[in-house]
> 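Got a structure for you, written out below as C-alpha cells; questions coming shortly.
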Amino acid sequence: MAQLADKVALVTGASRGIGRAIAVELGRAGAKVALAARNQQHLEETVQLVNQAGGQGLAVQTNLAEEDSIKNLVRTTQKEFAGLDILINNAGIVYAGPLENTPTDQYDQVMAVNARAPFILCREALPLLKQSTQPTIINISSVVGIKGYPNQTLYTASKHALRGMSIALAEELRKDNIRVHVICPGGVATDMVSQVRPDIAQQDLMAPEEIADLVLYLLTHKGNAVIDELRIRRATSSPWF
C-alpha cells in the first residue's frame with residue numbers, strides 16, 4: 001500500500017456503508033481522504049476512523065443534489081490537501097416502486113445524486129487529476145447498472161447512466177493516463193439495501209469492507225493489465241449476472 005501514502009482521495013457517501021469502508025482502507029494505506037456526505041456528525045465519525053487507521057481525514061458536508069455544494073467540495077479538497085489523485089463516486093440514493101406511481105420530482109432527485117453529481121464531480125476534478133502522477137476515478141454503480149429488477153426502474157436508470165458515462169469517460173481520458181473503473185456490486189449490507197431488499201437475509205449480504213478491498217486492489221495494481229469493470233455478486237446469488 002506504500003504507493004497510496006500521502007495520495008489525496010475524495011470519497012462521496014463517506015458517512016457510512018461502502019463509502020466509510022473505502023475511506024478507512026484508504027486511511028490504512030496512508031492516504032489523505034476528503035469525505036463527503038450530508039450528515040456532519042457521521043462524517044466526523046468517519047474522520048476519526050480514518051485518522052485512527054493511519055490516514056488523514058477531512059469532513060466536507062456536501063449536498064450532492066446542489067452544484068455549488070459539489071464545487072465547494074472540490075475547492076475545499078484542493079485548499080486543504082493541495083491536489084487530488086483519486087476520485088471515488090460512491091454516494092447514491094434509491095427509490096423503489098412501480099414506474100406508474102413514480103413522481104417526476106423523485107426521478108429528478110435520484111438522477112441528481114446518482115448520475116448528475118458524479119458528472120459534475122468528474123468535470124470539476126479533472127483539472128486536479130490531470131496534475132496527478134497516479135490519477136484514478138472509480139465509480140460505484142450496481143448490479144442494476146447491468147440488469148434490471150421490477151419496481152427499480154428509476155434506480156436502474158440512474159445506475160445505467162453512471163456506468164454509461166464511465167465507459168465513455170474512460171475512452172476520453174486515455175490520452176491523459178487517467179484510469180476510470182466501475183464496480184457493480186450486488187447486495188451489500190448497507191441501510192439502502194436493507195430498505196429495498198428486506199427479503200435478503202443479512203448473513204447472505206456482502207460486507208462493505210469486501211467492496212473496499214476491491215477498490216484498494218484497483219488503486220494498487222497499475223501495471224499493463226487494466227480492469228475496467230468489476231461485477232461482484234453475493235455468494236448465494238446466481239452466477240454471471
> Provide the closest heavy-atom pair for Val188 versus Ala207 in the form atom of the first, atom of the second, distance.
CG1-C, 3.9 Å
> Using the rule that Ile, Leu, Val, Met, Phe, Trp and Tyr join whenever any side-chain heavy atoms are under 4.5 Å apart, tell me whether Leu84 and Ile86 fall into a single cluster.
no
> For Asn224, does the CG atom have more than 12 heavy-atom neighbours from other residues, nucleotides or ligands under 6.0 Å away?
no
> Are any non-hydrogen side-chain atoms of Thr76 and Phe81 less than 4.5 angstrom apart?
no
> State the CD1-CG distance between Ile232 and Asp213, to the nearest 0.5 angstrom.
11.0 Å
> Go through the steps to decide whether Lys32 and Asp6 satisfy the test side-chain contact (heavy atoms from CB on, under 4.5 Å), and finish with yes or no.
CA-CA 6 Å; Lys32 301 174 181 178; Asp6 294 322; 4.1 Å; yes
> Using 0.5 Å steps for rounding, measure from the CG atom of Leu129 to the CG atom of Leu173.
8.5 Å
> Distance from Glu67 atom CD to Phe119 atom CZ, nearest 0.5 Å?
8.5 Å
> Would you mind listing every side chain to side chain donor-acceptor pair (under 3.5 Å) that reaches into residues 82-94, with sequence neighbours excluded?
Asp85-Ser132, Asn89-Asn139
> Could you tell me whether Glu80 and Arg75 have a side-chain N and a carboxylate O separated by less than 4.0 Å?
no
> Holding to side chain to side chain donor-acceptor pair (under 3.5 Å), I want the full list of residues that pass it with Arg233, two or more places apart in sequence or in another chain.
none
> Taking all non-hydrogen atoms of both residues, which atom of Asn114 and which atom of Gly92 are closest, and how far apart?
OD1-CA, 3.1 Å
> Would you indicate whether the side-chain heavy atoms of Glu209 and Val24 approach each other to under 4.5 Å?
no
> Can you find a heavy atom in the side chain of Gln61 that is under 4.5 Å from one in the side chain of Gln40?
yes
> Grab the two heavy atoms, one from Arg179 and one from Gly223, that are nearest each other, plus how far apart they are.
NH2-O, 2.8 Å
> So, for Asn101 and Tyr95, which heavy atoms are closest and what is the spacing to 0.1 Å?
O-OH, 3.6 Å
> Determine yes or no for a side-chain-to-main-chain donor-acceptor pair under 3.5 angstrom, with Gln131 supplying the side chain and Pro127 the backbone.
yes
> Please check this pair: side chain of Gln134 against backbone of Leu219, looking for a donor-acceptor N/O pair closer than 3.5 Å.
yes
> Under the side-chain contact (heavy atoms from CB on, under 4.5 Å) rule, what do Ile167 and Val180 come out as? Steps first, then yes or no, please.
CA-CA 8 Å; Ile167 292 169; Val180 181; over 6 Å; no
> Which atoms form the tightest heavy-atom contact between Leu35 and Thr46, and what is the distance?
CD1-CG2, 3.9 Å
> Where the side chain of Ser141 meets the backbone of Leu162, is there a donor-acceptor pair that is under 3.5 Å apart?
no
> Show your reasoning for whether side-chain hydrogen bond (donor to acceptor under 3.5 Å, both in side chains) applies to Thr136 and Lys7.
CA-CA 11 Å; Thr136 308; Lys7 294 297 183 183; over 6 Å; no
> Would you mind listing every salt bridge (Lys or Arg N to Asp or Glu O under 4.0 Å) that reaches into residues 158-169, with sequence neighbours excluded?
Arg163-Glu229
> Residues sharing Val182's hydrophobic cluster, by side-chain heavy-atom contacts under 4.5 Å among ILVMFWY, directly or via others?
none
> With sequence neighbours left out, what residues match Gln48 under side chain to side chain donor-acceptor pair (under 3.5 Å)?
none
> More than 12 foreign heavy atoms under 6.0 Å from NZ of Lys79: is that the case here?
no
> Just by modelled atom types, is the Arg16 backbone N or O under 3.5 Å from a matching donor or acceptor in the His42 side chain?
no
> Using a side-chain heavy atom cutoff under 4.5 Å and only I, L, V, M, F, W and Y, what cluster partners does Val193 have?
Ile200, Leu205
> Any link between Tyr107 and Leu99 through a network of hydrophobic side chains (Ile, Leu, Val, Met, Phe, Trp, Tyr) touching at under 4.5 Å?
no
> So if you build clusters from Ile, Leu, Val, Met, Phe, Trp, Tyr with side-chain heavy-atom gaps below 4.5 Å, do Ile137 and Ile18 land together?
no
> Do Lys71 and Glu66 have side chains that approach each other closer than 4.5 Å (heavy atoms only, starting at C-beta)?
no
> Rounded to the nearest 0.5 Å, how far does CD1 of Ile146 lie from CZ of Arg231?
3.5 Å
> Thr62 vs Thr12, test: side-chain contact (heavy atoms from CB on, under 4.5 Å). Steps then yes/no.
CA-CA 9 Å; Thr62 306; Thr12 66; over 6 Å; no
> More than 12 heavy atoms of other residues, nucleotides or ligands under 6.0 Å from CZ of Arg123: yes or no?
yes
> Side chains of Leu58 and Val60, heavy atoms from C-beta outward: is any pair under 4.5 Å?
yes
> Less than 4.5 Å apart, any side-chain heavy atom of Val74 and any of Leu128?
yes
> With a 4.5 Å cut-off on side-chain heavy atoms, are Leu218 and Leu230 touching?
yes
> Checking the side chain of Ser69 only, and the main-chain atoms of Asn63 only, is there a donor and an acceptor separated by less than 3.5 Å?
yes
> Where do Gly187 and Arg234 come nearest, in terms of heavy atoms and distance?
O-CG, 3.5 Å
> Charged N to carboxylate O under 4.0 angstrom, Arg20 versus Glu45?
yes
> Carefully, step by step, assess Leu10 and Ile88 under the rule side-chain contact (heavy atoms from CB on, under 4.5 Å).
CA-CA 6 Å; Leu10 192 165; Ile88 300 177; over 6 Å; no
> What distance separates Leu49 CG from Gln52 CD, expressed to the nearest 0.5 Å?
5.5 Å
> To the nearest 0.5 Å, how far apart are CD in Glu171 and CG in Asp228?
9.5 Å
